[in-house]
A.B. asks: 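This is the structure, below, for whatever I ask next.
Please read these numbers as outputs of a predicted model, since none were measured by experiment. Start at 1 and go down the list; that is how both ligands and their atoms are numbered.
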Amino acid sequence: MSYDTKIACPKCEWEPDGGEYWGCSACGHIWDTFKTTGVCPSCKNRHKFTQCIGHVGGCNESSLHVNWYREIDRNLKEEIEKVEKLIPAEIT
Ligand SMILES: [Zn+2]
Ligand SMILES: [Zn+2]
């Protein structure tokens, strides 16, 4: 599994591998947050922060979702930066 753009943790450089590691803090849905730029497919809440996944090699730190994208398209970045919700996507 790979993404259209390079994605890595801003703090430790861990790269997500396509696994469904994130749980929505609003509804509990589990999904791969990088497939939807942080939007929960179930309740449509957008998660501004994304946690790095410790048990598969990450650092467990939360970072702004937009900061994970390394070669981000400017329009996508603006879209993500419009986020006003501050709910984190939590590790399940
Ligand atoms: Zn949700
Ligand atoms: Zn990390």
Side-chain angles (χ1 to χ4, degrees):
M1 164 72 209
S2 63
Y3 301 96
D4 293 339
T5 183
K6 179 169 168 67
I7 299 172
C9 172
K11 302 207 165 89
C12 74
E13 301 296 319
W14 175 75
E15 295 184 26
D17 57 13
E20 298 186 328
Y21 298 123
W22 294 271
C24 178
S25 46
C27 75
H29 184 77
I30 310 284
W31 87 111
D32 173 5
T33 193
F34 294 105
K35 278 188 185 151
T36 60
T37 59
V39 179
C40 172
S42 175
C43 71
K44 310 298 180 199
N45 271 308
R46 189 184 279 274
H47 300 80
K48 187 166 187 176
F49 291 93
T50 294
Q51 192 166 5
C52 191
I53 308 300
H55 67 89
V56 285
C59 65
N60 273 330
E61 297 289 322
S62 284
S63 303
L64 281 173
H65 188 78
V66 70
N67 289 344
W68 286 70
Y69 297 89
R70 300 309 175 80
E71 296 158 9
I72 195 168
D73 162 295
R74 208 164 63 90
N75 294 330
L76 178 61
K77 186 163 184 167
E78 283 172 5
E79 158 113 353
I80 294 172
E81 284 178 341
K82 275 187 231 151
V83 173
E84 285 168 21
K85 287 186 185 291
L86 290 170
I87 34 175
E90 296 168 335
I91 288 181
T92 53

A.B. asks: Suppose we call two aromatic rings close when their centres sit under 6.0 Å apart. Are His47 and Trp31 close by that rule?
C.D. replies: yes

A.B. asks: Please note down the angle at the Zn ion (ligand 2) between SG of Cys59 and SG of Cys12, to the nearest 10°.
C.D. replies: 110°

A.B. asks: Is the side chain of Lys48 donor-acceptor paired with the backbone N or O of Val66 at a distance under 3.5 Å, no angle test?
C.D. replies: no

A.B. asks: Okay, side chain of Tyr21, backbone of Cys52: is any donor-acceptor separation there less than 3.5 Å?
C.D. replies: no

A.B. asks: What's the SG-the Zn ion (ligand 1)-SG angle here (Cys43, Cys40), rounded to 10 degrees?
C.D. replies: 110°

A.B. asks: Report whether any nitrogen, oxygen or sulfur of Cys27 sits less than 2.8 Å from the Zn ion (ligand 1) (N, O or S, backbone or side chain).
C.D. replies: yes

A.B. asks: Should Glu15 and Arg70 count as an ion pair when the cut-off is N to O under 4.0 Å?
C.D. replies: no

